[in-house]
Amino acid sequence: MSEASLPFNEKIIPIKTLGEEWERSIRNPHEFWAEKAKALRWMKTWDKVLDDSNPPFYKWFSGGILNICDNALDRHLTTPKKNKLAYIWEGEDGEVRSFTFYQLYREVNKLAKIFKNFGLKKGDRVAVYLPMIPELPITLLATVRLGGIHTVVFSGFSAEALADRINDCQAKILVTADGAYRRGKTVMLKDTADRALANTPTVEKVVVVRRTGQQVSMKEGRDYYYHDLMSKVEANAYVPPEPMEATDPVFILYTSGTTGKPKGVQHGTGGYLVWGYWTLKWGFDPKDEDIWWCTADIGWITGHTYNVYAPLALGVTSFIFEGTPDYPAQDRWWEIIEKHGITILYTTPTAIRMFMRYGEEWVNKHDLSTLRLLGSVGEPINPEAWRWYYKVIGKEKLAIIDTWWQTETGGFMIAPLSGLELVPLKPGSATKPLPGVQADVWDEKGQPSPISTRGFLVIKGPWPGMLQMLWRDPERYKQAYFSRFPNVYYTGDYAIRDPDGYFWLLGRADEVLKVAGHRIGTVELESELVAHPAVSEAAVMGKEDPVKGEVPVAFVVLRSGYSPSDQLRQQLVQHIRSTIGPIATPEAIVMVNKLPKTRSGKIMRRLLKAVLAGAALGDVSTLEDEASVEDIKATYEELRKQLEKK
Ligand code: WTA
């Protein structure tokens with residue numbers, strides 16, 4: 001299949017071309033973004049579109065006042081969207097619930113009233129630890145309606161991870177559930193939350209959604225069932241949306257970096273919403289008749305922007321799903337698309353690769369003819385997966401919108417824009433930067449890399465969706481993003497630009513892994529491993545995986561008195577699951593006598609990577625003790641044999 005023959009490239013009649021819009025956005029960002037921001041409802045117009053007097057602390061729409069919940073809900077009530085579906089939700093067990101914009105508005109007001117009675121005020125933090133159920137977006141919207149700041153902790157994180165995040169942002173309220181469904185079994189969410197709550201002194205109130213109905217302990221005066229609270233609030237409760245400065249923070253979302261504990265990425269109200277709104281419109285241009293399905297959990301940024309704020313602000317109907325893609329059978333997703341008439345599917349390369357493995361017969365059992373557009377996010381999509389997605393799901397008719405972006409960027413940054421001008425697609429390339437995005441590829445020295453040469457992806461100027469800073473840590477914000485190249489945003493990704501100006505994203509250039517699209521810091525795993533009494537040193541690396549992209553493998557040196565055993569391996573795996581969470585589970589724990597180090601004592605990660613890839617070792621002249629590589633190789637071989645036997 002040649003790119004030129006992709007049929008959709010012919011059909012698009014651009015009103016304004018991407019090139020024109022891009023040029024205008026860079027030439028005159030003030031005028032450009034002022035025009036775009038008018039798509040939202042403001043209580044007071046901004047004084048300044050961009051205040052860049054103190055880089056890298058940029059202020060978007062300063063002086064402007066708005067409320068993000070008002071834009072997501074109230075605003076539609078005087079339009080025909082009032083009675084249109086905002087959400088269609090399907091539970092793992094097949095139960096379906098749906099909410100019109102008006103119904104959602106009513107629920108959100110009731111919960112906001114409850115939060116208000118709990119004493120929640122503008123600027124207070126609400127932690128959220130919920131499965132993918134409608135109460136999750138309802139909680140977020142109720143929080144921001146009052147001017148609260150939410151921090152969602154993905155339900156696959158451990159008690160310790162939850163407690164760390166709650167304590168870092170000093171949340172006052174926690175919203176959780178009794179349990180969650182996962183592949184027909186129940187997960188004890190409240191129990192995990194209780195373990196976290198033992199060490200979170202700031203939490204005054206806990207709201208528990210009853211999902212599984214299992215027995216949980218409820219602490220008098222602190223814990224309340226959601227349904228009990230809601231049943232006591234009048235059906236027409238109304239809480240006015242809090243007038244927020246455009247520069248007030250709207251949420252904090254913790255994400256992994258290269259050092260220490262996860263970073264609290266802080267997004268601001270006005271810039272974030274403008275970015276979410278326009279990126280979704282440009283990327284997918286959802287229409288009133290669309291049913292948009294972004295498969296991301298709301299615990300991640302993709303779910304925040306494209307399951308909550310952007311589609312609601314645009315008045316789009318979203319489908320959200322509680323379950324896993326292949327339960328109870330491998331065609332669950334295709335059954336869903338047929339049943340609900342999904343028109344746009346936005347998902348991850350990991351999911352696509354998994355379905356590729358299951359085979360197209362599962363797909364072909366269903367009529368997917370309602371689909372009109374496909375999307376991809378979270379990790380590089382390999383051309384093979386792209387082609388399968390294009391052929392088997394898209395029937396060689398649908399464009400694939402591959403969107404490159406990050407928790408920090410708020411929304412898409414590099415992507416084909418079907419709502420503006422769809423450039424010819426190339427399997428595996430996210431194509432070109434969006435208006436307002438000055439992306440470039442630089443070498444070590446901060447010089448532009450030659451065409452078709454790998455370098456670091458950087459963004460050379462501010463854009464509305466960018467993070468404001470790291471929660472209460474301006475220094476770390478500067479250090480993490482604006483120190484590698486002064487005053488230029490460092491993404492941490494490798495990229496190349498081809499002769500047509502297309503960007504090819506090549507994965508992380510740092511110690512961050514993308515495991516099934518989830519962002520995991522190797523440093524976090526390493527510090528948890530050395531916190532275990534049996535481990536004196538640890539190095540965690542990503543190993544290529546045909547489905548998940550990569551998986552973590554840990555190399556550990558044991559303390560004296562401990563010897564390698566399967567039992568100890570199991571203990572260490574369990575330790576990671578309980579300190580970080582099941583999503584960080586190492587694929588293997590390799591126990592070695594020594595880690596390969598340079599003469600100056602630095603762990604030679606490159607060598608470990610080579611060992612994992614089974615590749616040639618390259619230059620080992622700086623290696624302190626070449627024998628340790630041989631040791632590691634031997635141990636890994638041993639382990640591989642064990643894994644194969646399984
Ligand atoms: C990677 C997820 C290639 C990248 C929205 C980035 C991608 C990290 C793509 C951010 C893509 C995301 N192609 N790589 N389309 N999308 N990435 O913060 O390495 O969870 O730096 O945000 O995911 O992950 P995060």
Side-chain angles (χ1 to χ4, degrees), residues 152 154 156-157 251-258 262-267 272 275-276 279-280 283-284 294-307 310 346-353 374-383 385-386 389 400-417 425-434 437 439 441 454 456-459 465-467 470 480-481 484 489-497 502-522 542 548-550 583-584:
V152 184
F154 174 61
F157 278 118
F251 65 78
I252 306 163
L253 187 58
Y254 287 86
T255 191
S256 295
T258 51
K263 309 180 279 197
V265 170
Q266 174 190 321
H267 279 287
Y272 171 77
W275 195 246
T279 52
L280 181 58
F284 293 91
C294 160
T295 64
D297 191 290
I298 295 173
W300 308 103
I301 190 68
T302 308
H304 279 57
T305 306
Y306 299 109
N307 264 326
Y346 180 47
T347 190
T348 63
T350 289
I352 296 158
R353 289 188 296 258
L374 305 174
S376 176
V377 62
E379 34 172 339
I381 181 162
N382 46 312
W386 195 103
Y389 198 20
I400 296 176
I401 309 297
D402 176 12
T403 61
W404 177 88
W405 61 295
Q406 308 178 299
T407 304
E408 293 86 344
T409 71
F412 314 151
M413 296 291 278
I414 302 179
L417 303 177
L425 303 180
K426 299 188 189 189
S429 166
T431 73
K432 299 194 174 190
L434 270 68
V437 177
V441 180
R454 190 178 85 165
F456 303 106
L457 180 69
V458 296
I459 315 291
M466 71 188 294
L467 75 166
L470 296 176
Y481 306 107
R484 182 79 169 74
Y489 177 83
Y490 176 69
T491 63
D493 273 38
Y494 282 129
I496 58 173
R497 204 164 19 171
Y502 280 49
F503 286 75
W504 297 75
L505 287 313
L506 306 174
R508 300 290 304 193
D510 56 12
E511 264 89 66
V512 172
L513 304 183
K514 271 292 184 153
V515 180
H518 300 153
R519 189 161 153 182
I520 294 171
T522 53
K548 293 180 179 172
E550 55 185 346
I583 56 162

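One-based numbering, in listed order, for ligands and for the atoms of each. Keep in mind that what you see is a predicted model, and the values were worked out from it rather than measured. Only this structure's heavy atoms are used, side chains among them; waters, hydrogens and symmetry mates stay out.
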**Request:** If the plane angle is over 60° it's perpendicular, under 30° parallel, otherwise tilted; pick one for F412 and W405.
**Result:** perpendicular
Judging by distance only, is a nitrogen or oxygen of [X] under 3.5 angstrom from one on ligand 1?
{"X": "E408", "result": "no"}
{"X": "G378", "result": "yes"}
{"X": "S376", "result": "no"}
{"X": "K514", "result": "yes"}
{"X": "R519", "result": "yes"}
{"X": "T491", "result": "no"}

Is any side-chain heavy atom of [Y] closer than 4.5 Å to one of [X]?
{"X": "V512", "Y": "R519", "result": "yes"}
{"X": "E408", "Y": "M466", "result": "no"}
{"X": "L506", "Y": "R454", "result": "yes"}
{"X": "L374", "Y": "I401", "result": "no"}
{"X": "L434", "Y": "L417", "result": "yes"}

Part of [X] within contact of ligand 1 (heavy atoms, under 4.0 Å):
{"X": "D493", "value": "side chain"}
{"X": "I301", "value": "side chain"}
{"X": "T302", "value": "side chain"}

Using a strict 4.0 Å cut-off to heavy atoms of [X], name the atoms of ligand 1 that fall inside it.
{"X": "T407", "result": "18 (O), 20 (O), 22 (O), 25 (P)"}
{"X": "R508", "result": "6 (C), 19 (O), 21 (O)"}
{"X": "D402", "result": "11 (C), 15 (N)"}

**Asked** Between Y490 and Y481, is the ring centre distance below 6.0 Å?
**Response** no
**Prompt:** Can the ring centroids of F251 and Y272 be said to lie less than 6.0 angstrom from one another?
**Reply:**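 Ring-ring flag for F251/Y272: true, centres closer than 6.0 Å.
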**Prompt:** Do any N or O atoms from the side chain of H267 and from the backbone of L253 form a donor-acceptor pair under 3.5 angstrom?
**Reply:** no
**Request:** Could you tell me whether ligand 1 has any atom less than 4.0 Å away from a heavy atom of G492?
**Result:** no
**Message:** Yes or no: does W405 have any heavy atom under 4.0 Å from an atom of ligand 1?
**Reply:**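 It does; at least one heavy atom falls under 4.0 Å.
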**Message:** Taking the six-membered ring of F456 as reference, does the cationic atom of R484 (NZ for Lys, CZ for Arg) lie under 6.0 Å from its centre and within 45° of its axis?
**Reply:** yes
**Message:** Tell me the nearest of G303, A296, G410, P380 to atom 3 (C) of ligand 1, using heavy-atom distances.
**Reply:** P380
**Message:** For atom 11 (C) of ligand 1, what's the nearest protein heavy-atom neighbour? Residue, atom name and distance, please.
**Reply:**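 Ranked first by proximity to atom 11 (C) of ligand 1 is E379 O, 3.5 Å.
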